[in-house]
Protein chains: 2
Amino acid sequence: MALSIGQLAQRTGVHIETIRYFEKVGLLDAPSRTDGGHRVYAERDVRALGFIKRARELGFAPAEVRAIRDLGGPGRACCDEVRDIAVHHLEQVRSKMADLARLERLLASTVEHCSGGHVPECAVIDMLERT
Amino acid sequence: MALSIGQLAQRTGVHIETIRYFEKVGLLDAPSRTDGGHRVYAERDVRALGFIKRARELGFAPAEVRAIRDLGGPGRACCDEVRDIAVHHLEQVRSKMADLARLERLLASTVEHCSGGHVPECAVIDMLERT
DNA sequence: TGTGCCACCTGTAGTCGCTACAGAATCAAG
DNA sequence: CTTGATTCTGTAGCGACTACAGGTGGCACA
């Protein structure tokens, strides 16, 4: 029930340093402490940290994670604001995907034109050099 | 013909500080100087910086840019090595695209299930909270 | 020739999201 | 009570820039 930071790290797969970092930047609530000053976590911290971890894995910026968490807090009466954040994030993801797709096409076609031998022509370099 | 760093920046769209940074990390050759110590660039530096800029925009890491530039240098007899770098990079791009696609699907379907009103249920938060 | 002003110089520090120490203190087991 | 693992704080490092501070250089104009 009461967990040390190491146990929390093991259960969530988040590094100890990262847990302390999340606390420092206000993503994770500061836990209670032992008399000696060691952090003591409860079950709810496992959930909270899991939440943060998943949100970060989905590419939400720390500020967005904070916003979502706060909006989803007391009463959870702000679904539309959370939705806004998610939609905005989705747009960014789609734009990043489009960028990568363009990039992929260019790289793929360039590599395809590359003879690959020890010759003075190189499609990759030509592509990069064309002004 | 002879350009100041500011003119080079304007012609290439690369910030002055970034040009100096590229020089410091060995991406761009150190140019000649005036008696007073100001950098003086030639036309070939415009091309070199353009090359670096395009490669960076395509997501090549600085070390890769250095490698491509060096391989493409005297004689350009290493097309296959340049190709290797490009192919490896292409693989990374494709893997990143796959990650984003997964993410996009999850976000899109989540947002779709979101009622968006001032209600205590929020599909986004539920998605993040499910353990 | 002076003078004014912008551009440029170097060096350092800040950004973001962690990660990695160093050196001291605490905890749990034997 | 001792040992050894864990945790503590604080600071520095990463990559790839970006931004400043405080000090010169260059050049047009008078």
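When the nucleotides D/dG25, C/dT19, D/dT7 are ranked by their closest atom to the side chain of A/Ile16, D/dT7 comes out on top. Listed nucleotides C/dT19, D/dC8, C/dC8 differ in distance to B/Arg20; the shortest reach to its side chain belongs to C/dC8. Closest to the B/Ala61 side chain, of the nucleotides D/dC8, D/dG25, D/dA16, is D/dA16. Nearest to the side-chain atoms of B/His38 among the listed nucleotides C/dC8, D/dC17, D/dC8 stands C/dC8. Side-chain atoms of A/Tyr21 lie closest to C/dT19 of the nucleotides C/dC9, C/dT19, D/dT6. In the set D/dG25, C/dT26, D/dC8, C/dT26 carries the atom at the smallest distance from any side-chain atom of A/Thr34.
Residue-level contact check: A/Arg56 touches the backbone only, with heavy atoms under 4.0 Å from sugar-phosphate atoms and none from bases.
Residue B/Glu17 contributes atom CD, which lies 15 Å from atom P of C/dG11 at whole-angstrom precision. Between the OH atom of B/Tyr41 and the P atom of C/dA7 there is a distance of 17 Å, rounded to whole Å. Rounded to an integer number of Å, the gap from NE2 of B/His15 to C1' of C/dA7 is 16 Å. What separates CD of A/Glu57 from P of C/dC18 is a distance of 11 Å, to the nearest Å. When the P atom of C/dC18 is taken as reference, atom CD1 of A/Ile52 falls 10 Å away, rounded to whole Å. Between the P atom of D/dG26 and the CZ atom of B/Arg33 lies a distance of 12 Å, rounded to the nearest Å. What separates CG of A/Asp35 from C1' of C/dC27 is a distance of 12 Å, to the nearest Å. Between the CD atom of A/Glu23 and the P atom of D/dT7 there is a distance of 14 Å, given to the nearest Å.
Considering only side-chain N and O atoms, B/Thr18 lies nowhere under 4.0 angstrom from the phosphate OP1 or OP2 of D/dA16. Distances shorter than 4.0 Å separate some side-chain N or O of A/Arg39 from OP1 or OP2 on D/dC8. The shortest distance between the side-chain N/O atoms of B/Ser4 and the OP1/OP2 oxygens of D/dG26 is not below 4.0 Å.
Here the CG atom belonging to A/Leu128 is positioned 8.0 Å from the OG1 atom belonging to A/Thr110, to the nearest 0.5 angstrom.
One N or O on the side chain of A/Arg56 and one on the backbone of A/Phe60 form a donor-acceptor pair closer than 3.5 Å.
A salt bridge is defined here as a Lys NZ or Arg NE, NH1 or NH2 lying under 4.0 Å from an Asp or Glu carboxylate O, and B/Glu43 with B/Arg11 meets this definition. B/Asp99 and B/Lys96 are not joined by a salt bridge, as no carboxylate oxygen comes within less than 4.0 angstrom of a charged side-chain nitrogen.
Within 6.0 Å of CD on A/Gln7 lie more than 12 heavy atoms contributed by other residues, nucleotides or ligands.
Checking B/Gln7 against A/Gly36, the closest nucleotide of DNA chain C that is more toward the 5' end is the one next to B/Gln7. A residue-by-residue look at A/Lys24 and A/Val40 shows that A/Val40 has its nearest nucleotide of DNA chain D further toward the 5' end.
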